[in-house]
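What follows is a set of notes on a single structure, which appears directly below.
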Amino acid sequence: MGSAMGDARVDRAGVPELPEVESVRRMLEPLLVGATVQDVVVRRRDVICASDDPPGGWSRSGRDASPAPAIEPTALRVGQEVTEIRRHGKALAIVADTGRCVVVHLGMTGWVGPVAVSDAGQPPVHTHVIWTARRAREPRRSIGFEDARRFGGLWCLPDLRALEARWSELGPDALTIRANALRLRAQYKTTTVKASLLDQRVLAGVGNIYADEALFRSKIAPSVRCCDLEDAQWALLAGAVRHELRLGLKWGGATVRSFRRPDGTEGKRQNALAVYGRAGEPCKRCKQPLSSAMLAQRTTVWCSHCQH
DNA sequence: CGGTACGCCTGAAGGC
DNA sequence: TGCCTTCAGGCGTACC
């Protein structure tokens with residue numbers, strides 16, 4: 001059935017946060033770097049956004065009905081060679097030797113990887129763009145961008161300068177975030193620490209799951225205002241963010257739900273989550289039932305006994 | 001500035 | 001079993 005044999009399957013149903021995106025990047029690197037693009041098929045044009053949309057932004061108004069994006073969708077043109085695959089926060093960029101690149105956002109259900117063609121020769125329904133590329137002395141490979149819910153998208157940029165400009169509007173990458181960098185960006189904010197962790201302009205890469213997990217690890221309540229945090233707490237928080245993201249990466253980017261390993265067995269990371277999805281269940285530290293509330297428009301779970 | 005609500009979209013999961 | 005509702009989520013806009 002699938003042509004994805006041998007490749008580490010990352011979670012497709014869970015929500016891609018930084019570890020999931022980094023897992024995809026690492027999986028793509030050996031497949032695409034050094035490969036020459038031989039074909040580009042755009043099966044759904046509206047997943048391709050205009051290059052001047054705001055960073056991390058989805059200009060819905062410019063998607064469905066627009067006759068054509070500002071830049072031709074095939075920024076990764078036939079004949080170009082892929083030189084690298086970058087990541088910043090939750091964004092990926094496939095960079096070509098010409099400097100042109102395609103920024104990929106996975107949204108909620110997005111994925112990039114080998115296309116599993118059906119017996120009838122059809123790619124999965126939600127595979128919207130397919131690049132066929134070939135490295136010297138290797139078979140042709142079809143790599144697809146799929147995204148059932150289409151909260152994700154692709155942006156075609158003309159050069160690396162445009163990529164850097166775009167990413168400079170995001171906060172520092174969460175995987176290597178240092179306490180001072182985080183504190184300097186958020187310490188005077190009157191918003192809650194949870195909202196700031198989710199704000200990609202403050203810190204790039206953290207989503208709802210890892211925000212709650214990092215707050216639990218650092219024993220900080222999600223509703224605390226940034227400006228009320230002590231220096232020591234910023235240090236704890238930055239360390240907890242790095243720790244949780246690295247843990248997620250170690251598990252192959254598994255988050256929750258239908259994480260499957262290449263052999264089809266269930267992943268184990270979901271069992272390792274301390275608070276996310278465990279509202280009402282006992283805290284792993286103090287055994288008191290975990291609290292749950294909407295904060296920053298997100299379901300938030302924490303231990304009111306351990307976190308202050 | 002911040003906060004709140006809503007929209008986008010589909011599939012999984014739960015209720016009846 | 002099958003239909004119906006609810007929920008999940010990143011990130012934008014609109015409005016207070």
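Chain A is the first sequence line, chain B the second, and so forth, proteins listed ahead of strands; every chain is numbered from 1.
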Next item on the list: Taking only heavy atoms on the protein side, list every residue of residues 188-204 of chain A lying under 4.0 Å from any atom of DNA chain B, sorted numerically.
Entry: A:K189, A:T190, A:T191
Take atom [atom1] of [X] and atom [atom2] of [N], then tell me their distance rounded to the nearest Å.
X      : N      : atom1 : atom2 : result
A:Q297 : B:dG7  : CD    : C1'   : 12 Å
A:N208 : C:dC7  : CG    : P     : 15 Å
A:W111 : C:dG10 : CH2   : P     : 21 Å
A:H128 : B:dT10 : NE2   : P     : 9 Å
A:L106 : B:dC9  : CG    : P     : 18 Å
A:R185 : B:dC1  : CZ    : P     : 14 Å

Next item on the list: Name all residues meeting the salt bridge (Lys or Arg N to Asp or Glu O under 4.0 Å) criterion together with A:R242; count only those two or more places apart in sequence or in a different chain, and write none if there are none.
Entry: none
Only counting residues at least two apart or in another chain, list the ones meeting side chain to side chain contact (heavy atoms under 4.5 Å, CB included) with [X].
X      : value
A:Q288 : A:C286, A:H305
A:Q187 : A:R183, A:L184, A:W234
A:E29  : A:R25, A:V33

Note to self: When you measure from the side-chain N and O atoms of A:H126 to the phosphate of B:dG11, is any distance below 4.0 Å, counting only OP1 and OP2?
What the structure shows: yes
Check: Counting only N and O atoms by type, is there a donor-acceptor contact under 3.5 Å from the side chain of A:R87 to the main-chain atoms of A:G89?
Finding: yes
Checklist line | salt bridge (Lys or Arg N to Asp or Glu O under 4.0 Å) contacts touching residues 101-118 of chain A (sequence neighbours left out) | finding: none
Checklist line | Those residues that, when tested against A:H128, pass ring pair (Phe, Tyr, Trp, His ring centres under 6.0 Å) (two or more places apart) | finding: none
Next item on the list: Give the minimum heavy-atom separation between A:K194 and A:D212, together with the two atoms involved.
Entry: NZ-OD1, 2.6 Å
Checklist line | Members besides A:L290 in its Ile/Leu/Val/Met/Phe/Trp/Tyr cluster (side-chain heavy atoms under 4.5 Å) | finding: A:F216, A:V275, A:V301
Next item on the list: For the helix from B:dG2-C:dC16 to B:dC16-C:dG2, figure out the bend between the end axes, five pairs an end, and round to 10 degrees.
Entry: 40°
Item checked: Side chain A:R298 and base C:dG10 donor-acceptor under 3.5 Å -> yes
Next item on the list: Mark this stacking check for A:F151 against B:dC8 as yes or no, applying ring centres under 5.5 Å and ring planes under 30°.
Entry: yes
